[in-house]
Peer 1: 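After the structure tokens below, expect a handful of questions from me.
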Amino acid sequence: EQPPAVRSLPSLYKESFSHSDEVAEPGYYAVQLDSGIHVRLAAQVRAGIAEFRFPGDGRPHTLLVDLSHNLSPHVAQSEIDIQARTITGSVTSGEDCGSSENQYRVYFALETDQAPQTWGTFDELRVDAGGHSADGPRTSGYLSFAPSVIKVSLRVGLSYVSAENAQANLRAEIPGWELAKVRKDARAAWNDALGHIQVKGGREEDQKVFYTALYHALLHPSVFNDVNGEYIGFDSKVHKVNGRTQYANFSGWDIYRSQVQLLAMLFPKIGSDMAQSLVVDAEQGGGLPIWPAANDEASAMVGDPSDCILASLYAFGAREFDTKAALAAMLRGANDPRTHSRVYPQRPDLEEYLRLGYVAERGIPGRGAASVTLEYQSADFAISRFADALGDSGNAHAFLARSAQWRKLFDSQSRWIRARRPDGSFLPAFDPAKEDGFVEGNSAQYTWMVPFDLSGVIEAVGGSEVARTRLDDYFSQYYDWSKKNGPYFAIGNEPSFGNPWIYNWSGHPWRTQEVVRKTLRDLFNSGPAGLPGNDDLGATSSWVVFAQLGFFPETPGVGGVTLNSPTFPDVTLMIGAHPLHITAAGAPDKLYVQEVTADGSPIRNWWIYWDQLSKASNLNFTLSALPNKKSGEVPPSFTPAAR
């Protein structure tokens, strides 16, 4: 018998439900559908289990295994094989930031605890009742159960290598049919992960925002190898890891600014494995990836973010990876224009960048030459710090000098960063609120994106008071993406992440404290619209975690944080296995920082290096209701002259 609506469009057989009938927690989801069917789902790392309870209405019930739709815009190919209570197959899909070139294949093995009465395959044109196998971009299958069956459980394993590995993953991670156990194990795993930071006191709403953000920040990158260690590499060959995990899906442009620093602080072994994953991606694919999705390069966004990711992971304590190979890959991509990750150049326009010191603007949509130049210089700076940490003083000096070339884009007359043409002239008709020459932003936002030399930027724009006035104007409104409404703070996009802390460099740290707290209060909450835009694989959420803790990793590639006022009066932060107790009596009501001490020693420049932070037992903030306008020393900046 043909299952109902099997020939129809998916919209006609989608189930309806109310959000009030949902239960959601890390690793578990349940919903009561309007049709009377109750669904429960629980997840392991590479496998999941589901339970469907049907109403006893005397009718057969059908489960559709729809392979033609997923979260990708389209499915390129799928295949299915139905054998009694087991279904195996694969789906090829994938699309990143509008590009359909990056596709990957996911294999699955699905088992049910009940024998179906009938089965078959279908697509939008035909139904093959009793059919066992089919393939094609619209291929799907179905299992129909007798009216007497009112509960069906199924479990499924996934693999990027083979259906056999998917089945092995399933058997290893969910050997039985106990959904409650899988749920319990997931809850325990997430309690352990989230428990690496324990906050006490303050507002309940702030605690909800904090742990939601921490949960989001820990979701990516993704485990990519199977339980037997196998994974598909950037060379499309099967490789095997021993003693570590291979990770995939690095949203490079987004996560290098704060998310990877958080991961390294809390989980240095995981951070080390992520670093080694990028190293082997470069070895297999030819160069460090910009945005690796599964075992391919999506080349989404701009810059060379893997340099910043690797240097920051190392700087924040994740150091168990092949650092020599990492530096070699970084240098190759930064010096040789022929370096590619798969089919994409690691640094597009590198030859021009090496010759001119900047990437020239040619009006290519979405390219944003000024943004690309600033990203390359942040990457160069990160290479200089990584080389310095490894004892390579020659490359440390050379790449620090390269990072100073942001000044070639600085217009001394308008005192803004501007895009240049190939002949060296600035783009005409300049307006700091326009995106000409920039990627997802404007000069008002990007002029500050020199996180390694903020003292130099402040001096270039006219000094600390001029910088304060400009920053006050910048933070007077939030940038509206739908209206592109001007030269204002865009917290929903990564280039602006570090901007609230620039006041620490201008000598006005109380303004950092005000802006960070106001942003948290205005734009983040525990409701469904609790984020101001796309989270970008935990990037924005990591900003929230740091902002609420009271410090931020301002400078990619440098192990250190700059300070603001904490949201909670009492926090225990596990730096690896070392506990750091953070106290801030009066938080969050008392906004302003009067003094900060680490194990009793005063912090005078609104900055704590990693070596001190990672060894400290107590970090104490003395707070007040009034601002402390005796700014003290400013945090460090890094320029060639400073060496």
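The structure presented is a predicted model; accordingly, all values stated were derived computationally and were not measured. We use all heavy atoms of the structure for the numbers below, so side chains are in, but hydrogens, waters and symmetry mates are not.
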Peer 1: Quick check: Phe489 with Phe475 (ring centres under 6.0 Å apart)?
Peer 2: yes

Peer 1: Under the criterion side chain to side chain contact (heavy atoms under 4.5 Å, CB included), I'd like the reasoning laid out for Leu327 against Asp392: C-alpha separation, chi angles, the key distance, then a yes or no.
Peer 2: CA-CA 10 Å; Leu327 181 58; Asp392 185 346; 3.9 Å; yes

Peer 1: Does the side chain of Gln346 pick up a donor-acceptor pair with the side chain of Asp304 at under 3.5 Å?
Peer 2: yes

Peer 1: Tell me the ring-ring contact (aromatic ring centres under 6.0 Å, His included) pairs involving residues 181-208, sequence neighbours left out?
Peer 2: Trp190-Tyr215, His196-Phe267

Peer 1: Between Thr583 and Asp570, do the side chains contain an N or O donor and an N or O acceptor separated by less than 3.5 Å?
Peer 2: no

Peer 1: Consider only side-chain N and O atoms of Asn249 and Ser222, and report whether a donor and an acceptor are under 3.5 Å apart.
Peer 2: yes

Peer 1: What pairs with Ser384 under side chain to side chain contact (heavy atoms under 4.5 Å, CB included), at least two apart in sequence or on another chain?
Peer 2: Phe381, Phe399, Leu400

Peer 1: State the CG-CD distance between Asp453 and Gln377, to the nearest 0.5 angstrom.
Peer 2: 10.5 Å

Peer 1: Taking only Lys NZ, Arg NE, NH1 and NH2, and the carboxylate oxygens of Asp or Glu, determine whether Glu173 and Arg46 approach each other closer than 4.0 Å.
Peer 2: yes

Peer 1: Is Asn395 close to Ile383 at the side-chain level, that is, under 4.5 Å between some pair of heavy atoms?
Peer 2: no

Peer 1: Between Tyr231 and Asp226, do the side chains contain an N or O donor and an N or O acceptor separated by less than 3.5 Å?
Peer 2: no

Peer 1: Could you pull out the closest heavy-atom pair between Ser277 and Tyr247, with the gap in Å?
Peer 2: OG-N, 2.8 Å

Peer 1: For Gln445 and Pro495, indicate whether the former's side chain and the latter's backbone hold a donor-acceptor pair under 3.5 Å.
Peer 2: no

Peer 1: Might you point out which heavy atoms bring Asp535 and Ser541 nearest each other, and give the distance in Å?
Peer 2: OD1-N, 2.8 Å

Peer 1: Distance only, no hydrogens: is a donor on one side chain within 3.5 Å (strictly under) of an acceptor on the other, for Ser403 and Asp380?
Peer 2: no

Peer 1: For Glu205, which residues count as a side chain to side chain contact (heavy atoms under 4.5 Å, CB included) partner, sequence neighbours excluded?
Peer 2: Arg203, Lys208, Val209, Asn525, Ser526

Peer 1: Just checking Tyr160 against Phe224, ring centres under 6.0 Å apart?
Peer 2: yes

Peer 1: What pairs with Leu41 under side chain to side chain contact (heavy atoms under 4.5 Å, CB included), at least two apart in sequence or on another chain?
Peer 2: Tyr29, Val39, Ala50

Peer 1: Aromatic contact between Trp510 and Trp606, with the criterion being ring centroids under 6.0 Å apart: yes or no?
Peer 2: no

Peer 1: Students often mix this up, so state it plainly: with edges at 30° and 60°, are the rings of Trp610 and Phe316 parallel, tilted or perpendicular?
Peer 2: tilted

Peer 1: Looking at Arg521 and Asp206, does any basic side-chain N land under 4.0 Å from a carboxylate oxygen?
Peer 2: yes

Peer 1: Determine yes or no for a side-chain-to-main-chain donor-acceptor pair under 3.5 angstrom, with Trp505 supplying the side chain and Pro636 the backbone.
Peer 2: yes

Peer 1: With no hydrogens and no angle check, just 3.5 Å: does a side-chain donor-acceptor pair link Asn618 and Asn620?
Peer 2: no

Peer 1: Answer yes if the side chains of Glu230 and Asn165 hold a donor-acceptor pair under 3.5 Å, and no otherwise.
Peer 2: yes

Peer 1: Are there more than 12 heavy atoms of other residues, nucleotides or ligands under 6.0 Å from atom NZ of Lys269?
Peer 2: yes

Peer 1: Given Thr512, which of Leu563, Leu471, Asn564 fulfils the side-chain contact (heavy atoms from CB on, under 4.5 Å) condition?
Peer 2: Asn564

Peer 1: Could you walk me through whether Phe524 and Trp543 pass the ring pair (Phe, Tyr, Trp, His ring centres under 6.0 Å) check?
Peer 2: CA-CA 11 Å; Phe524 296 91; Trp543 185 95; 5.8 Å; yes

Peer 1: Taking atom CZ as the centre, does Arg187 end up with more than 12 heavy-atom neighbours from other residues, nucleotides or ligands that are less than 6.0 angstrom away?
Peer 2: no

Peer 1: Report yes or no: is the cationic atom of Arg257 (NZ for Lys, CZ for Arg) under 6.0 Å from the centre of the six-membered ring of Phe497, at an angle within 45° of the ring normal?
Peer 2: no

Peer 1: Centre-to-centre under 6.0 Å for Trp607 and Tyr609, is that the case here?
Peer 2: yes

Peer 1: Who pairs with Tyr479 by ring-ring contact (aromatic ring centres under 6.0 Å, His included), at least two apart in sequence or on another chain?
Peer 2: Trp481

Peer 1: Can you tell me if Tyr592 and Thr622 form a side-chain donor-acceptor pair at under 3.5 Å?
Peer 2: no

Peer 1: Salt bridge check, Arg183 against Glu25: does any charged N sit closer than 4.0 Å to a carboxylate O?
Peer 2: yes

Peer 1: According to side chain to side chain donor-acceptor pair (under 3.5 Å), who are the partners of Glu494, at least two apart in sequence or on a separate chain?
Peer 2: none

